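Encoded as structure tokens, the structure appears first; notes follow it.
We name chains A, B, ... by the order of the sequence lines, and we start the count at 1 in each one. Treat the numbers as computed from the prediction; the structure is a model and nothing was measured.
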Amino acid sequence: MRMSQLFYYPQKEIPKDVEAISHILMVKSCMVERVASGIYDFLPLGFRVLKKIEDIIRREMLSIGAQEVLLPALHPSELWKITGRWDDYGEELFKLTDRHNRTLCLGPTHEEIITTLVKAKINSYRQLPFMLFQIQTKFRDEPRPRFGIIRCREFIMKDLYSFHADEDSLNDGYYKVYYAYKNIFDAIGANYKIVEAASGPIGGDVSHEFVIIAESGEDEIAYCSSCSYSATTEMADYNPVIVEDNESELPLEKIHTPGLKSVEEVSEYLNIPPSKLIKTIIIKADGRNVALMVRGDSEVNLNKVEKLLNAREISLLEDTEGSLPLGFVGPVGLENIEIIADPEVKGIKNGVVGANIQDYHYKNVNIGRDFIPDRFYPIRKVKDRDLCPRCSKELVVSKGIEAGHIFKLGTKYSEPIGAMFQTPTGELKPVIMGCYGIGVSRLVAASIEQNNDRNGIIWPRNIAPYEIYILPTDWANESIRNFAETLYKKLLERGYEVILDDRDERAGTKFVDADLLGIPLRITIGNKFVKSDIVEIKERKSSEVEEIPSEELILKLKEVL
RNA sequence: CGGGGCGUAGCGCAACUUGGCUAGCGCGCUUGGUUUGGGACCAAGAGGCUGAAGGUUCAAAUCCUUUCGCCCCGACCA
């Protein structure tokens, strides 16, 4: 590509409110252009990167035997009503009505469509297993689009669906995809973690997320600094450590704490650290009230409680439900209600809890003397530097971008839709399914989040829009120009993806653009070439410059690329 | 959905509080000249229905109402 022809209009000034590094760099480097909130144009440079990522994904999908299909973006409402998701999916579903007053939605995901297809074509175990995938635009009416292309209302996603006759086969398929995903994320050059995850509204039991470590991520994950354990903080376990306070028990004391409900308020008012407070919250689990206790500097992980209680539905108790003075609840004298405490609570001597009386707390509360929890169980959210549940080394809590998510769906969709097959014994069974997504457009941004410096993007070679940037410092100089042109043609012939900066710009401008665009290799043809036939090769990533005689250039490129 | 903020040239912003000449500045763009290895300089230009609708007024970018769009923070922790 000739720079003079490229649809490239770098922006020096970008809006103040653009936050994420990837967003800033993508706007600056003219990769994308915002059309509306959460809706973007992909411009030539951005689109090339998108295509490269797509190709990597496609190659891996094909290699595990999946076949590519293209499914509609427009879905009739009936399909979504069958699975109940017309209502369950909520406001994120883009709904619309056609001229005949038929209701439709723009597909946020394609389980309904693909399962209906399978219903139409599959009726025997002999046809199973198989996998289909699609790479296409999906739509979600996000409550708040954010971080440029990372959280959009319209975005490109790869979805693979697998169909099986039994659990073993599903498991087989699941791990085939799991390893294909590893290959993909490795090929893209991402720093990522595979974490055990909650399956969310898509459903199913087993699930892994592929998370790209990045500050602007909206996922929070915990991973072990030593072994391979990792999970979302929703799911993560930890090895509880009980630190016994080393002090003697003081007499219980009731204190007036008018209007002070939160841990911070009470802690500040009494000048006692939050770790000495015991937070007590009341939840409703399938209609039954349960009290949960954690140390004041911790947070309850409701996800864990839900699992522990094996409850279908749990929620925090509302002010209007029951007679407890919310904000002043404590375990002392709390009756007819199960109390579950985090093991950490055991270590607290002379703690502070709510008194179950409006505007009062108790000081110097001691476990055993003043109250006894019904059971201890680690129910708080993990924190940075907690101990790994497997190897007891320290965990790291970090933010990341959810880039891939794989689920075992089971028969969640095949059953209601009626995608059945006949077993060898003539039985009719619903097809067992798996579903496996990758946020393709999001990966473009995620990669930039990890690969940049103050001058711009640093593309990993596999997904760079071009491999080589030929930079003639003075386009008006005939010998420079001739050499650059010849080099450009030679490299194209040899199959390299090359940019030739044939603009009549000052050298400085070209250097700045080359850095911003982050093309892995830059070849500078300047005054050293004019004087002594020397050209420069610079690697964007390491900033290493090598000067070599011009006639050795092509050979040298073979070596480094 | 709750709270806050912003819509003025392609982009980034000023002028609005206290209404009043031709709505400014920077980037980018056009023309000419000088420059030419890290976002050059000088000169001359082009480019605006001040988001939209209504109102107040002799007079509205500016005040009022409505509406549309955009951004940020929050959205179960006691």
How would you label the contact of [X] with the nucleic acid (heavy atoms, under 4.0 Å): base, sugar-phosphate, or nothing?
| X | value |
| --- | --- |
| A:R144 | base |
| A:V300 | base |
| A:D474 | nothing |
| A:D513 | base |
| A:E536 | base |
| A:A36 | sugar-phosphate |

Hey, does the side-chain of A:E13 have a donor or acceptor N/O within less than 3.5 Å of a partner on the base of B:G28?
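There is none.
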Taking atom types as they are modelled, would you say the side chain of A:R522 forms a donor-acceptor pair with the base of B:G38 within the 3.5 Å cutoff?
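Flag set: donor-acceptor pair detected.
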When rounded to the nearest Å, what value does the distance between [atom1] atoms of [N] and [M] take?
| N | M | atom1 | answer |
| --- | --- | --- | --- |
| B:U36 | B:A40 | P | 13 Å |
| B:U57 | B:A14 | C1' | 26 Å |
| B:G48 | B:C25 | C1' | 15 Å |

Would you say B:C72 has OP1 or OP2 under 4.0 Å from some side-chain N or O of A:R146?
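Checking A:R146 against B:C72: no side-chain N or O falls below 4.0 Å of OP1 or OP2.
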B:C71, OP1 or OP2 - any side-chain N/O from A:S37 closer than 4.0 Å?
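Yes.
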Between A:D342 and A:K304, is there a salt bridge with N-O shorter than 4.0 Å?
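So A:K304 does not pair with A:D342 through a salt bridge.
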So with a 6.0 Å cut-off around CZ of A:F47, is the heavy-atom count from everything else above 12?
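12 or below, so no.
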